[in-house]
Number of protein chains: 2
Amino acid sequence: MGTGEGAGTPQRNTRQRVAVLDMLDSLNQFTSAQDIHGRLRDNGSTVGLTTVYRTLQSLAEARQVDVIRTDDGEAMYRRCTTEHHHHLVCRRCGRTIEVDSPTVESWAEEVAKRHGFADINHTIEIYGVCPDCAS
Amino acid sequence: MGTGEGAGTPQRNTRQRVAVLDMLDSLNQFTSAQDIHGRLRDNGSTVGLTTVYRTLQSLAEARQVDVIRTDDGEAMYRRCTTEHHHHLVCRRCGRTIEVDSPTVESWAEEVAKRHGFADINHTIEIYGVCPDCAS
DNA sequence: TTTGGTGCAAAACCTTTGCATTAGG
DNA sequence: CCTAATGCAAAGGTTTTGCACCAAA
């Protein structure tokens, strides 16, 4: 640890960075870089696709957004709380609920330790169809 | 259901299909299509990259291989048992151990149901550094 | 001013598709 | 034979990189 996250990355408050962050906040669900780029364009605040990618990347490194991959390999980003958690994602509309459970956390650690694995880390995603989409 | 999987897909026993399956069996860890293609070439049993992709795809549909995505979006395939399970993967060497726990299974279902989600499905991957790589 | 940020165009990737050819059953 | 499977080349998609320009601090 102590790799210098936080102080190690001076961020300039550019119009583009703010726009991407605002968009992430207003969306509150997993969204692709391309989609964010398109929405920004529609909103009139044009940001280069390259910049969207670079911004999301730096946010991911700073742990300010979560990243998951769709089945076809597209990266999806979503603003999140900094603490550790997992997701319950609607397969239809993309609505996302953050979930967590101490039980599962300790299970993961226990399994890894039992097999002698170190430096553990895990991802859990639950997919389903949310009430709104089911009706 | 009755979407016709199983009887719906006549498979011919081609040299290429057998080669890919054998390679998957001998590897027993998550491997990319490109990697499999390269290894086959080294082994002298040349199989077109396209064919490797198509074979892996059909195997995935038939649930005979598991598929996960690396952080950079590459698909990784691995032969697996047909029953439901999850993975403990070594971040360094790719060694994989199948794990599962009724506790976690029911936790996932319970969480989803509590939020009214239907048609549930989940993925869990635990990453770490295995004993061999740690030393 | 100084240096990181931006954005275009082009490259790099993995993956899929079109189509003529081959070979399994 | 008949039709699925193969493989090349080309296209498709997302993501990255090179480089000149711009604008925060």
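Chain letters run A, B, ... following the sequence lines, proteins first, then strands; residues in each count from 1. All values derive from a computational prediction rather than experimental measurement. Below, all heavy atoms of this structure are taken into account, side chains as well, without hydrogens, waters or symmetry copies.
- Taking the six-membered ring for Trp and thresholds of 30 and 60 degrees, B:His122 and B:His86 have ring planes inclined between 30 and 60 degrees apart.
- Residue B:Arg17 contributes atom CZ, which lies 11 Å from atom C1' of D:dA4 at whole-angstrom precision.
- Here A:Arg69 does not reach the OP1 or OP2 of C:dC14: none of its side-chain N or O atoms lies under 4.0 Å away.
- If you take CG of B:Asp72 and C1' of C:dC13, they are 9 Å apart, rounded to a whole angstrom.
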- Query: Would A:Phe30 and A:His87 satisfy side chain to side chain contact (heavy atoms under 4.5 Å, CB included), going step by step from the backbone distance to the final call?
  - Reply: CA-CA 10 Å; A:Phe30 282 100; A:His87 300 105; 3.6 Å; yes

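- Distances shorter than 4.0 Å separate some side-chain N or O of A:Thr51 from OP1 or OP2 on C:dG7.
- Backbone-only engagement by A:Asn13 is indicated by non-hydrogen atom pairs under 4.0 Å involving sugar-phosphate atoms exclusively.
- As judged by a 4.0 angstrom heavy-atom cut-off over every strand, A:Thr14 is placed among residues touching the sugar-phosphate backbone only.
- Residue-level contact check: B:Gln34 touches the bases, meaning some heavy atom is under 4.0 Å from a base atom.
- With respect to the salt-bridge test (charged N to carboxylate O, under 4.0 angstrom), the residues B:Arg78 and B:Asp66 do not qualify.
- The OH atom of B:Tyr53 sits 15 Å away from the C1' atom of D:dA11 (whole-angstrom rounding).
- Under 3.5 Å, the side chain of B:Arg12 and the base of D:dA5 form no donor-acceptor pair of N or O atoms.
- Comparing A:Thr55 and B:Ser32 along DNA chain C, the residue whose closest nucleotide (by nearest heavy atom) sits nearer the 5' end is A:Thr55.
- The same ILVMFWY cluster, assembled from side-chain heavy atoms under 4.5 Å apart, contains both A:Trp107 and B:Val111.
- B:Arg15 places its CZ atom 11 Å from the C1' atom of D:dG7, with the value rounded to the nearest Å.
- Between B:Gln16 atom CD and D:dC8 atom C1' there is a gap of 14 Å when expressed in whole angstrom units.
- Note on the helix from C:dT1-D:dA25 to C:dG25-D:dC1: angle between the axes of the first and last five pairs equals 40°, rounded to 10 degrees.
- When only modelled atom types and interatomic distance are considered, B:Asp72 and B:Thr70 share a side-chain donor-acceptor pair under 3.5 Å.
- Looking at A:Arg54, its side chain has no donor and acceptor atom pair within 3.5 Å of the base of C:dT6.
- Rounded to a whole Å, the CG atom of A:Leu59 is 12 Å from the P atom of C:dG5.
- We find that CD of B:Glu74 is positioned 17 Å from P of C:dA12, with the value rounded to whole Å.
- A:Cys130 and B:Phe117 make their closest contact through CB-CZ, 3.4 Å (heavy atoms, listed as atom of the first residue, atom of the second, distance).
- Nearest nucleotide to the B:Ala75 side chain, out of D:dT15, C:dT17, C:dT15: C:dT15.
- No side-chain N or O of A:Tyr77 forms a donor-acceptor pair with one of A:Gln57 less than 3.5 Å apart.
- C:dG7 atom P lies 15 Å from atom CD of A:Gln57, rounded to whole Å.
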